[in-house]
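Report on the structure given below.
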Amino acid sequence: MAARRGGWARLCLLLAVAALAGLGAEAKNSEDVRCKCICPPYKDHSGHIYNKNVSQKDCDCLHVVEPMPVPGPDVEAYCLRCECKYEERSSVTIKVTIIIYLSILGLLLLYMVYLTLVEPILKRRLFGHSQLIQSDEDIGDHQPFANAHDVLARSRSRANVLNKVEYAQQRWKLQVQEQRKSVFDRHVVLS
């Protein structure tokens, strides 16, 4: 099972490296840079948002707002009201992040399938096999209760751990209920 996990990890790593190599070779997309101008309402013209792929030095109202909604003499007053911002993003980083996210999601899905389908089958086979071995040992054993103490001690230790976990969980739930009462009923915040 550890070999399978290592294989999946290597496969995901190879996919990520291949994606990075393929994406890194691309030149910067025209969609990665843009100038965004937000122009508020002016006289009888409603407000509007303009986007255009231009260089950072050309990121102003005169180069981005097309068609100009106001006539010639009002252009300067209109452009002074507009707020233009140059925006740049890395589509390579976005794609790599999505690939990593989907890889992790896929691994978790595979692990869930393993836990729900494969593990119960393996447990049945393992416990069935160990019970057969144990029953064969009991038949040939001259002292029938020699292993009973070990089996009982193991089952008690498991039950003891489960009881401790249940107790801690119940104690935590009571603390949460008490805090809720304090905050919502008595309006007291605990420190």
Self-check item: CG-OG1 distance between D32 and T93, expressed to the nearest 0.5 angstrom
Solution: 9.0 Å
Self-check item: Which atom of V65 lies closest to which atom of C39, heavy atoms considered
Solution: CG2-SG, 4.1 Å
Quiz item: Atom OH in Y42, atom CG in L80: separation rounded to 0.5 Å?
Solution: 9.5 Å
Practice problem: Evaluate the side-chain proximity of C79 to L62: yes if any heavy-atom separation is below 4.5 Å, no if none is. | Solution: yes
Quiz item: Would you say the SG of C84 sits less than 2.5 Å from the SG of C37?
Solution: yes
Exercise. Return yes when atom CD of E76 has more than 12 non-hydrogen atoms of other residues, nucleotides or ligands closer than 6.0 Å, and no otherwise.
Key: no
Exercise. Search all heavy atoms of K36 against all heavy atoms of I49 and return the closest pair with its distance.
Key: CE-CG2, 3.9 Å
Quiz item: What distance do E87 atom CD and N53 atom CG have between them, rounded to the nearest 0.5 Å?
Solution: 11.0 Å
Quiz item: Which atoms form the tightest heavy-atom contact between M68 and Y78, and what is the distance?
Solution: SD-CD2, 4.0 Å
Self-check item: Joint hydrophobic cluster, I98 plus L105, side-chain heavy atoms closer than 4.5 Å
Solution: yes
Quiz item: What are the two closest heavy atoms between C82 and C61, and how far apart are they?
Solution: SG-SG, 4.0 Å
Practice problem: Pick out which of V54, V64, N51 makes a side chain to side chain contact (heavy atoms under 4.5 Å, CB included) with R34. | Solution: N51
Exercise. Compare all side-chain heavy atoms of V176 with those of W172 and state whether any distance is below 4.5 angstrom.
Key: yes
Quiz item: Taking side chain as C-beta onward, heavy atoms only, is S103 less than 4.5 Å from I99?
Solution: yes
Exercise. Enter the distance from Y86:OH to S55:OG here, rounded to the nearest 0.5 Å.
Key: 7.0 Å
Exercise. Please round to the nearest 0.5 Å and tell me the distance separating atom OG1 of T97 and atom CG of L102.
Key: 11.0 Å
Self-check item: Within 6.0 Å of CD in E83, more than 12 heavy atoms from elsewhere
Solution: no
Quiz prompt | Atom pair CD1/CG of I104 and L109 - distance to nearest 0.5 Å | solution = 13.5 Å
